[in-house]
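Notes to accompany the following structure.
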Amino acid sequence: MLVSIITPMYNSEATIAETIKSVLAQTYSEWEMVIVDDCSTDASASIVKKYQNIDKRIHYYKREKKSSVANARNYAIKMSKGHYLAFLDSDDLWEKDKLQKQVSFMEKNNVSFCYSACATIDENSRKTGKIRWIKSYADYAILLKGNFIPCLTVVLEKKLFDKIEFPEIKHEDYAVWLSILKTGIKAYGINEVLAYYRVNSKSVSANKFKAALWTWNIYYNYEKIPFYKSAYYFINYFINAIRKRL
């Protein structure tokens with residue numbers, strides 16, 4: 001089954017080559033990499049085009065107007081042809097057997113939505129020693145208590161996006177997972193590090209206060225959960241966030 005790898009890109013000349021190499025190294029060969037350039041002003045495009053000449057499974061599209069990571073992902077999904085979608089941002093990396101393990105798990109267990117644990121790397125691609133372990137199972141009610149599904153680890157059937165897309169809000173990946181699980185779909189995790197998330201001094205996710213506000217916005221404004229229930233889920237989110245750092 002073809003896997004479409006969804007990669008939004010903006011001014012990623014320092015990292016995009018390494019990201020592409022981690023895809024080229026995959027033991028699973030039935031993939032296409034759909035890279036959507038959100039109006040980069042650096043050398044990102046020329047780097048991607050160099051790899052296009054090496055492997056025709058890499059597809060490059062450039063947006064005419066600067067938008068957002070959500071719009072770039074939505075456009076990439078629209079242009080994709082795979083049975084499965086996988087998500088990999090332009091500064092993150094995968095283990096070489098990432099797709100092989102997840103697709104095999106999904107087909108063996110008739111799973112539509114799969115994710116895994118991941119670890120962090122620094123600006124120089126060095127492992128930090130921090131690992132984001134995950135729960136083995138998620139449904140809508142469980143995930144409302146906090147997002148433990150890392151976007152760069154997700155593989156799911158494209159058909160789940162027939163009526164869903166990434167919204168123009170912060171933590172857009174969390175909002176999408178909730179939208180999918182709300183339909184009754186269950187997600188299943190492989191508690192093994194299969195991907196690496198790059199952290200740096202400019203990372204927006206490093207601002208925990210903003211992240212908390214974004215999470216509240218998803219509960220109260222996006223999911224339209226009543227205030228008292230939103231408060232309940234937000235408290236659970238806060239407790240889980242503290243546990244991660246203990």
Side-chain angles (χ1 to χ4, degrees), residues 1-9 19-36 55 57-59 69-70 72-119 131-140 142-143 147-166 172-198:
M1 292 286 192
L2 182 66
V3 178
S4 294
I5 302 163
I6 305 302
T7 303
M9 179 179 74
T19 298
I20 292 173
K21 287 177 183 177
S22 79
V23 173
L24 293 173
Q26 290 298 300
T27 56
Y28 187 87
S29 61
E30 291 185 68
W31 56 262
E32 63 169 358
M33 189 175 191
V34 186
I35 300 174
V36 173
D55 197 311
R57 292 175 294 179
I58 298 171
H59 309 296
V69 66
R73 285 199 187 111
N74 290 333
Y75 185 77
I77 291 169
K78 180 181 177 181
M79 303 307 294
S80 68
K81 299 177 181 177
H83 177 80
Y84 295 112
L85 298 177
F87 300 93
L88 179 63
D89 285 355
S90 58
D91 57 352
D92 297 333
L93 307 174
W94 284 347
E95 285 283 1
K96 64 181 181 180
D97 56 356
K98 194 258 189 196
L99 290 180
Q100 185 72 58
K101 287 186 174 180
Q102 288 187 267
V103 172
S104 294
F105 174 82
M106 294 172 76
E107 293 184 347
K108 180 180 178 181
N109 298 286
N110 194 26
V111 168
S112 298
F113 188 155
C114 180
Y115 55 96
S116 79
C118 67
I131 297 176
R132 185 176 176 183
W133 299 112
I134 46 91
K135 297 178 182 179
S136 60
Y137 165 82
D139 60 17
Y140 181 70
I142 291 172
L143 203 67
N147 183 25
F148 53 83
I149 300 179
C151 187
L152 74 162
T153 73
V154 168
V155 179
L156 45 69
E157 290 187 303
K158 184 180 178 180
K159 67 181 182 181
L160 300 183
F161 273 84
D162 285 349
K163 298 180 180 179
I164 294 172
E165 62 179 19
F166 285 92
E172 71 286 343
D173 56 332
Y174 184 29
V176 163
W177 310 153
L178 288 172
S179 294
I180 291 172
L181 297 183
K182 199 172 185 178
T183 67
I185 295 292
K186 307 296 189 296
Y188 296 87
I190 299 174
N191 214 4
E192 178 181 348
V193 174
L194 298 179
Y196 296 91
Y197 175 75
R198 192 181 303 272

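All figures in this text were calculated on a predicted structure; none of them were measured in a lab.
Looking at heavy atoms from C-beta onward, Cys151 lies in side-chain contact with Trp177 at the 4.5 angstrom threshold. Between Leu152 and Arg198 the shortest side-chain heavy-atom distance does not fall below 4.5 Å. The shortest distance between side-chain heavy atoms of Val34 and Thr7 does not fall below 4.5 Å. Side-chain atoms of Glu165 and Ile77, non-hydrogen and from C-beta on, never get closer than 4.5 Å to each other. A 4.5 Å side-chain heavy-atom check between Met1 and Met106 finds every atom pair outside the cut-off. Counting heavy atoms from C-beta outward, Phe105 and Cys114 have side chains that approach closer than 4.5 Å. Between Phe113 and Val155 the shortest side-chain heavy-atom distance does not fall below 4.5 Å.
Heavy-atom minimum distance, Leu160 versus Ser112: CD1-O, 3.8 Å. Looking at every heavy atom in both residues, Val69 comes nearest to Pro8 through CG2-CG, 3.6 Å. The two residues Ile149 and Arg132 make their nearest non-hydrogen contact at N-NH2, 3.9 Å. Ser136 and Tyr115 make their closest contact through C-OH, 3.7 Å (heavy atoms, listed as atom of the first residue, atom of the second, distance). Of all heavy-atom pairs between Gln102 and Ser116, the closest is NE2-N, 4.3 Å. In this structure, Trp133 and Ala117 approach most closely via the heavy-atom pair CE3-CB, 3.8 Å.
Between the Asp89 side chain and the Asp91 main chain, no donor and acceptor come within less than 3.5 Å of each other. With Ser4 contributing its side chain and Leu85 its backbone, the two residues share no donor-acceptor pair below 3.5 Å. Under a 3.5 Å cut-off, the side chain of Asp92 and the backbone N or O of Leu88 do not form any donor-acceptor pair.
Of the charged side-chain nitrogens involved, none lies within less than 4.0 Å of a carboxylate oxygen, so that Glu32 and Lys81 do not count as a salt-bridged pair. Salt-bridge check for Lys101 with Glu95: failed, with every basic side-chain N at 4.0 Å or more from each acidic carboxylate O.
When ring centroids are compared, Phe166 and Tyr75 stay outside the 6.0 Å threshold.
Distance check, rounded to the nearest 0.5 Å: OG of Ser29 to CG of Leu2 gives 10.0 Å. Remark: His83 NE2 to Leu156 CG distance equals 10.5 Å, nearest 0.5 Å. Between the CD atom of Gln26 and the CD1 atom of Ile5 there is a distance of 6.5 Å, given to the nearest 0.5 Å. From Tyr84, atom OH reaches atom CG of Leu99 across 11.5 Å, with rounding to the nearest 0.5 Å. Rounding to the nearest 0.5 angstrom, the gap separating the OG1 atom in Thr153 from the CD1 atom in Ile190 is 9.0 Å. One distance of note links CD of Glu192 with CD1 of Ile134; it measures 10.0 Å at 0.5 Å rounding.
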Q: Kindly determine whether Ile20 and Ile35 satisfy side-chain contact (heavy atoms from CB on, under 4.5 Å), including the steps that lead there.
A: CA-CA 10 Å; Ile20 292 173; Ile35 300 174; 4.1 Å; yes
Q.
Ile142 vs Leu181, test: side-chain contact (heavy atoms from CB on, under 4.5 Å). Steps then yes/no.
A. CA-CA 10 Å; Ile142 291 172; Leu181 297 183; over 6 Å; no
Q: Evaluate side-chain contact (heavy atoms from CB on, under 4.5 Å) for Thr183 paired with Tyr140, printing each intermediate quantity in order.
A: CA-CA 8 Å; Thr183 67; Tyr140 181 70; over 6 Å; no
(Q) Is there a side-chain hydrogen bond (donor to acceptor under 3.5 Å, both in side chains) between Ser80 and Lys158? Walk through the geometry before answering. (A) CA-CA 9 Å; Ser80 68; Lys158 184 180 178 180; 3.2 Å; yes
Q: For side-chain contact (heavy atoms from CB on, under 4.5 Å), just list the numbers for Trp94 and Leu194, CA-CA rounded to whole Å, side-chain angles, deciding distance to a tenth of an Å, and then say yes or no.
A: CA-CA 6 Å; Trp94 284 347; Leu194 298 179; over 6 Å; no
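Shown here are the side-chain contact (heavy atoms from CB on, under 4.5 Å) partners of Glu30, two or more places apart in sequence or in another chain: Tyr28.
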